[in-house]
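Letters A, B, ... are given to chains in the order of the sequence lines, protein chains preceding strands, and every chain is numbered from 1.
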Amino acid sequence: MPQRIALVDCNNFYVSCERVFEPKLKDTPVAVLSNNDGCFIARSNEVKALGVPMGAPAFQYKALIRKHGIRLFSPNFELYGDLSDRVFATLRPFTEGLEIYSIDEAFARLPQMSPEDSEIYGREIRQTILKATGIPVSVGIASTKTLAKVALALLKQTPEKTGVLDIDSLPDLDARLDGLPVREIWGVGHAFAGRLDRLGISTAGELKRADQGQIRKVLHVVGLRTVLELNGYPCLTLEEAHDPCQSVLCSRSFSREVKTFAELSEAVAAFTARAAEKLRKECRVAGVIRVFVETNRFREKEWYENMKSAALPRETNGTPDLIAIALSALKQIYRPGRNYKRAGVLLLELRDERFLQPDLFGSAEEMKREVELMKVLDAINNRFGRGTARFLAEGIQQSWKMKRPMKSPAYTTRISEIPVAKC
DNA sequence: TCTGGGGTCCTAGGACCC
DNA sequence: TCTGGGGTCCTAGGACCC
C-alpha cells in the first residue's frame, strides 16, 4: 500500500489568528496587511469574494475597504508564530512523522489506512485542532506531497465544506485534473506555466500525461519531479528534521524615504542586529555578510539598487562585529542624493557555532566575553521586548522604522497583553 | 501620498586549473 | 596553417514556495 501523506493547511491563517481573539469577526470581511500597511497578505473568504488579490496594494482598494467595512490589521507575527506552534503541537500526536513546511502548513505521514478511513481520521484532526486552538484547517491526503497539494486545490473547488479530501476517494479524479489549471500545481509558477502553455499543456491532467523527456528539457529536473509526483511516484521526501538554515535575511521597507547616510546606516545596523539575533537563536555563525539598498522601484525614474558582500575576518554571530562590517560595506554602495526606500542584510556561509574558533590574532578570552555579552543582550530583549537593549549605531528615534498602527495585542506571548475576561 | 518579507534550489557562464 | 578536454568553484540570476 502506498504511503499516506496529509497536508494540513490553516485556512486564511493570519485572519483566523485575529478572529480567535475577536470572535465577532467571524463571517465578516477581514484582512491582514504587510508592514507599513502596504499590501494584502491574508484575506478572509469574504474579502477574496470581493476580488481582492493576494499581494494587492492596499491604497488601490481604499474605496472597497470603506464600502464593505473590511476590518484591517497590521501584521502581528508574534501572535501568528505562537498559534502556529500550538496548531502543530496538536497535530503531531496524530502522525508518524511531521514536516512543518511553513507557518501555516505541514506535511504529515499518516498511519496506513483506506481512503475512507483516512478521511474520517482527517476530520478528527480538524476537529481537534479547531477545539484546541480555534484555528480551522483543511486536510488534503494522497500518496505524494504534490498530490496532497492537488487534493487541497480540489477541495477549494467543492462547495461542501468538509475540509478533508483523500484524493484516492475521488471516482472521477482524471476528469477533475483536466479541470484544474496547470498554474495551480505546486511547483508550477508564472514562468513554468508560460513554457508549458507553449507546449500545449494547460491543465494538471495534461501535465500528468506529458512526455517526460520533453518536460525534463524544458523545466529541468525540478519540473520532471512534479510530473512524477503527479503520477504517484514520490520524489519529495518528508523532511522531518529541521534543517539548519543556510542564510538569514532581515530587510525592511522604510515608512518614508531615507536620504542621509546617517539614517541609512542606523537602519542597516538595526537590521544587522536583528539578523544576528536570529543567527544566535539558530546556534549558527556567519562567514559572509551582504548589505543591499534600493530606492523606490515604483516611483524613481532612475531606480537604484546595489549590494555588497563582505567576508568576515572570522566567523561570528556577535552583533558588534557584524555591524562594523555591514557599515563599511554600506559605505561602498551608498550614493548621496538618492531616496532610499528599502534596505537589508543577508548573512551567508552559515555554520554550526560549535565549530567556532578564535582567529590567529584574537584571544579565546575575548571571544568568550563576546559570547557572554550576547547572551545577556538576548536575555534582556526576550524578557522585556525586542530592542529594549540595543547598540547606539541602531539609532534612538528610528523615525524610518516601519509602522504597524493596526496591530492587535500579543495576546498569547506578553503577560501585559493577555485578554481580560469581564463578567 | 500609499506597492511585504523570508526562504530554498537549480542553472548558466566565466575563471581557473591541470 | 595548425590551437584539447575535462573538471571545479564561484557568482548572478531565475525559478519556485509561503
Testing C:dA15, B:dC10, B:dG6 for proximity to the side chain of A:Ser251, the answer is B:dG6
Which nucleotide in C:dC16, B:dT11, B:dG5 has an atom nearest any side-chain atom of A:Val221 = B:dT11
Contacts of A:Glu353 that satisfy salt bridge (charged side-chain N to carboxylate O under 4.0 Å, His left out) - sequence neighbours left out | none
OP1 or OP2 of B:dT8 less than 4.0 angstrom from a side-chain nitrogen or oxygen of A:Ser247, does that happen here?
-> yes
In chain order, what residues pass the salt bridge (charged side-chain N to carboxylate O under 4.0 Å, His left out) check against A:Arg216, with sequence neighbours excluded?
-> none
Proximity to the side chain of A:Cys250 - top-ranked nucleotide from B:dG5, B:dG6, C:dC18 = B:dG6
Among B:dA12, C:dA12, B:dG6, which nucleotide sits nearest the side chain of A:Arg252?
-> B:dG6
Considering only side-chain heavy atoms of A:Asn296, which listed nucleotide, B:dG4, C:dC18, B:dT3, is closest?
-> B:dT3
Could you tell me the separation between the CD1 atom of A:Ile100 and the P atom of B:dT8, rounded to a whole number of Å?
-> 16 Å
Could you tell me the separation between the CG atom of A:Asn76 and the C1' atom of B:dG4, rounded to a whole number of Å?
-> 16 Å
Pair pattern of DNA chain B in dot-bracket, where unpaired bases get dots and | marks partners in another strand, Watson-Crick or G-U under 3.5 angstrom | ....||||||||||||||
note: A:Glu349, atom CD; C:dC9, atom C1'; distance rounded to Å ~ 12 Å
A:Lys341 side chain near B:dT3 phosphate (N/O to OP1/OP2, under 4.0 Å) | yes
According to a strict under-4.0 Å criterion, is A:Ser253 in side-chain N/O contact with OP1 or OP2 of B:dG5?
-> yes
Quote, to the nearest angstrom, the P distance that separates B:dT3 from C:dC18.
-> 25 Å
Spacing of A:Phe192 atom CZ relative to C:dA15 atom C1', expressed in whole Å = 6 Å
Of A:Arg216 and A:Pro244, the one whose closest nucleotide on DNA chain B sits nearer the 5' end is A:Pro244
Are A:Glu277 and A:Arg390 ion-paired here, with the side-chain N under 4.0 Å from a carboxylate O?
-> no
Whole-Å gap separating P (C:dA15) and NE2 (A:His190) = 9 Å
Considering heavy-atom distances to DNA chain B, does A:His220 or A:Ala58 have its closest nucleotide positioned more toward the 5' end?
-> A:Ala58
Is the backbone N or O of A:Leu79 less than 3.5 Å from a side-chain atom of A:Asn76, with the two atoms forming a donor-acceptor pair by type?
-> yes
Is there side-chain contact between A:Phe94 and A:Glu124, with at least one heavy-atom pair below 4.5 Å?
-> yes
Between A:Phe77 (CZ) and C:dC18 (P), how many Å, whole number?
-> 16 Å
Minimum-distance nucleotide (side-chain atoms of A:Phe59 versus C:dA12, C:dA15, B:dT3) | B:dT3
Integer-rounded Å distance: B:dG5 P and A:Arg290 CZ = 18 Å
Distance in angstrom units between A:Lys403 NZ and B:dC2 C1', rounded = 13 Å
Would you classify A:Asp37 as touching base, sugar-phosphate or nothing, given that sugar-phosphate means primed atoms plus P, OP1 and OP2, and contacts are heavy atoms under 4.0 Å?
-> nothing
Option from A:Glu22, A:Glu46, A:Glu18 for which salt bridge (Lys or Arg N to Asp or Glu O under 4.0 Å) with A:Arg71 holds | A:Glu22
Heavy-atom side-chain proximity of A:Asn296 to A:Asn339 below 4.5 angstrom | no
Choose from B:dG4, C:dC18, C:dC16 the nucleotide whose nearest atom is closest to any side-chain atom of A:Ala191.
-> C:dC16
Under 4.0 Å between any heavy atoms, over every strand shown, what does A:Ile185 touch: base, sugar-phosphate, or nothing? Just pick one.
-> sugar-phosphate
A:Lys278 side-chain proximity, nearest of B:dA12, C:dC17, B:dG6 = B:dG6
Quick one: label A:Lys149 by what it contacts on the DNA or RNA (base, sugar-phosphate, nothing), any heavy atom closer than 4.0 Å.
-> sugar-phosphate
Do you know which of A:Glu96, A:Arg109, A:Gln3 makes side-chain contact (heavy atoms from CB on, under 4.5 Å) with A:Leu238?
-> A:Arg109
For A:Lys145, report the nucleic acid contact type (base, sugar-phosphate, nothing); a contact means any heavy atom under 4.0 Å.
-> nothing
Just compare C:dA15, B:dG6, B:dC2 and give me whichever is closest to any side-chain atom of A:Arg299.
-> B:dC2
A:Trp186 and A:Tyr101 aromatic ring geometry - parallel, tilted or perpendicular at 30°/60° bounds | perpendicular
Nucleotide nearest A:Arg225 when distance is taken to its side chain, options B:dT3, C:dA15, B:dC10 = B:dC10
Looking for any heavy atom pair under 4.0 Å, which part of the strands does A:Arg195 touch: base, sugar-phosphate only, or nothing?
-> sugar-phosphate
